[in-house]
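Lettering of chains follows the sequences in order, A, B, ..., and the numbering in each one begins at 1.
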Number of protein chains: 2
Amino acid sequence: MITIKDIAKAAGVSHTTVSRALNGSALIKPGTREKIAKIAADMNYVPNYSAKNLVTKKSNTIGLFFSSLEQGTSSSFLVDALKGIRQSLNENYMLTVSGIDEVDSYESVHPRRFDGLLIMSQSERDNRFIYHAKAAGIPLVVLNRQLDDPSIPNVASEDRRGGRAAAEHACEMGHRRIAIIEGRQGFKSADERRQGFIDGLLARGRAPDPLYFAQGDYSIESGRAAMEGLLALNDRPTAVFCCNDDMAIGAMNACYERGVRIPDELSLIGFDDMMFAAYTNPPLTTVRKSVAGIGREGTELLLRLMERSDAPIEQRFIGCELVRRESVADLRGQSRRS
Amino acid sequence: MITIKDIAKAAGVSHTTVSRALNGSALIKPGTREKIAKIAADMNYVPNYSAKNLVTKKSNTIGLFFSSLEQGTSSSFLVDALKGIRQSLNENYMLTVSGIDEVDSYESVHPRRFDGLLIMSQSERDNRFIYHAKAAGIPLVVLNRQLDDPSIPNVASEDRRGGRAAAEHACEMGHRRIAIIEGRQGFKSADERRQGFIDGLLARGRAPDPLYFAQGDYSIESGRAAMEGLLALNDRPTAVFCCNDDMAIGAMNACYERGVRIPDELSLIGFDDMMFAAYTNPPLTTVRKSVAGIGREGTELLLRLMERSDAPIEQRFIGCELVRRESVADLRGQSRRS
DNA sequence: GGCATAAATGTTAACGTTTTCATCATAATG
DNA sequence: CATTATGATGAAAACGTTAACATTTATGCC
């Protein structure tokens with residue numbers, strides 16, 4: 001293993017000079033720098049990060065913590081987030097991935113081990129972890145879940161706007177009996193999407209009907225179960241907004257089983273726009289949320305916070321966009337007359 | 001930041017003793033050890049891994065490298081793999097995740113930075129990376145892709161057996177015109193699954209028909225395109241084996257569009273058994289492969305290799321299992337007479 | 001050409017551990 | 001009781017780097 005001292009010897013300078021040259025210090029003569037750079041390259045020098053980190057008191061590591069790897073809410077999540085994060089993360093940062101729930105002693109979440117934290121959070125249960133990390137003084141940004149506490153940097157999607165867009169779309173298409181299958185209780189995103197849904201209904205002059213609020217938990221099965229309840233209603237809804245695509249798929253399955261045709265007999269709107277949404281039968285109209293975008297912006301924010309501790313603490317929310325496919329029927333015309 | 005010297009002072013011993021006590025050295029009196037452990041806990045001591053690693057020449061880090069984060073072949077892959085890996089990985093190992101293609105200088109893949117490598121590989125293009133890491137002397141195991149080189153530790157699924165099971169199942173159900181939509185060219189798994197398919201046909205006395213071999217690339221779209229080709233044939237197949245579930249979904253879409261009913265007019269078999277396979281319309285019969293299992297076993301193998309450099313280099317292959325759902329029609333009876 | 005200043009390089013200590021080797025106390029041995 | 005082995009602890013060095021401070025060399029100015 002070759003060190004800067006070896007390079008120093010080869011170059012006939014002190015190891016300090018080598019260190020400076022390799023780190024781009026301004027007080028090294030260009031000639032010297034080039035010479036040293038060349039020698040280092042020739043010798044295949046690779047810096048020892050342990051030594052480096054020891055003296056600089058950095059860890060060179062960003063930790064990505066996930067609400068729960070085990071009961072992975074949605075699988076494409078991680079991949080998309082990772083894509084976004086990697087796009088804005090310098091290659092020589094290490095990025096570690098762990099589940100919050102698998103951290104059994106918070107000790108290991110320590111400023112010495114992480115220069116910064118990206119926390120992909122889903123529910124308030126993660127707060128203990130978040131506040132621990134904050135108390136430990138590690139720069140962090142919470143992704144994906146909207147926080148109430150303005151002292152914590154936060155990047156999430158505009159769930160409420162998304163829910164609203166879904167409801168408004170249903171109304172615009174002439175639907176009047178519009179139901180919702182809600183996300184997991186206690187998850188902020190579930191609250192927001194529901195509230196957006198209500199807002200949208202109200203904005204179009206429709207009163208939300210308590211009968212049409214079905215509880216789900218973001219899982220496929222919960223979507224199916226909730227839809228079964230909805231289908232059993234005397235006055236079936238004509239459109240159902242599912243608070244994520246997984247539940248929409250479950251809901252579709254309930255319809256397949258009962259021979260309820262989509263969108264002729266029932267319209268469906270999802271949320272997330274995961275890859276398969278375009279390939280369900282029929283293709284699912286859904287609200288697109290960019291997890292990669294959240295990852296990207298979150299990382300940029302984190303980097304800023306790490307660089308200067310006085311960087312502003314931002315709460316940024318990324319827009320959602322309704323993508324129309326074929327799971328919503330156009331009832332206009334009929335509805336006028338009904 | 002508190003160090004072992006602080007603990008030493010508090011305990012009235014030398015920092016060497018503290019180090020030994022905390023690391024479970026046999027030459028510390030039990031009483032001393034407990035006393036020190038207590039003080040360390042009280043002071044919230046957290047070891048400085050940079051210092052530790054500097055002197056032990058370890059990195060405490062396992063690197064998980066992925067063929068390609070960008071064009072993520074299948075999104076649940078990463079999550080499943082991570083689950084398996086984490087199950088068998090001691091919590092105080094750091095696990096970093098990167099894409100092979102995003103590593104632009106192989107320099108950073110160095111024994112100093114990684115104690116071991118888990119390489120989730122898809123194609124031979126990863127070989128450069130693999131052999132670089134091997135040459136650098138980092139213990140590694142290649143996951144998910146079967147390797148020809150017996151000098152490299154390897155854990156993958158029995159793709160060939162899986163392909164064979166699919167073909168045999170189709171035959172057993174009375175199908176005679178059986179097609180395949182192949183995986184991406186150059187991917188070992190694609191070759192293996194195709195070969196297994198051929199083996200299965202042959203074992204049941206059916207001759208593979210070149211007309212029924214359609215090329216795909218594991219993407220949804222390629223599945224759809226390939227299926228369209230197959231549907232245009234004069235003598236349509238009655239069953240199609242898709243080399244992964246994504247392509248099966250694409251294939252289903254082609255059928256939906258043309259009004260071809262599954263399984264009545266066409267039977268479909270997938271591969272992977274991803275989460276959504278049970279929720280397609282109809283539910284997809286497919287070959288289950290345990291990515292988590294591969295991750296788990298691969299990690300265990302890696303740990304063994306890291307511990308003792310003379311540990312045996314194993315190539316382990318994990319069984320696949322056909323899971324029967326509703327996308328394959330039973331043609332027995334008819335086929336006898338035809 | 002001498003002097004002040006700036007630019008470039010070198011010396012040394014420090015970061016927090018583990019490890020080698022030395023020392024001291026204690027127990028076992030005859 | 002002296003001697004030896006052994007069990008427990010300590011002192012000092014080492015790991016590879018950066019940083020504070022010191023020194024040398026080059027540059028500009030009158």
Nearest heavy atoms of A/Ile62 and A/Tyr93, plus distance in Å
CG1-CD2, 3.9 Å

CZ (A/Arg128) with more than 12 external heavy atoms under 6.0 Å:
no

d(A/Ile100 CD1, A/Ser67 OG) to nearest 0.5 Å is 5.0 Å

Report yes or no: is the cationic atom of B/Lys134 (NZ for Lys, CZ for Arg) under 6.0 Å from the centre of the six-membered ring of B/Tyr131, at an angle within 45° of the ring normal?
no

Is the positively charged end of B/Arg113 above the ring of A/Tyr49, judged by distance under 6.0 angstrom from the centroid and angle within 45° of the axis?
yes

So if I take the C1' atoms of five pairs at each end of the helix from C/dG1-D/dC30 to C/dG30-D/dC1 and get each local axis, what angle do the two axes make, rounded to 10 degrees?
40°

Look at B/Asn53 and D/dC15 and indicate whether a side-chain polar atom (N or O) is within less than 4.0 Å of OP1 or OP2.
no

Expressed as a whole number of angstroms, how long is the span from B/Lys58:NZ to C/dT17:C1'?
14 Å

Between CG of B/Asn60 and C1' of D/dC15 the distance, given in whole Å, is 16 Å

Per-nt protein contacts along nucleotides 8-16 of chain C (heavy atom under 4.0 Å; B base, S backbone sugar-phosphate only, - none) come out as SBBBB--BB

A/Arg296 side chain to A/Gln87 side chain, donor-acceptor N/O pair below 3.5 angstrom:
yes

B/Arg304/B/Glu314 ion pair, N-O < 4.0 Å
yes

I'd like to know if B/Asp159 pairs up with B/Lys188 as an ion pair, taking the criterion as any Lys NZ or Arg NE/NH1/NH2 lying under 4.0 Å from an Asp or Glu carboxylate oxygen.
no

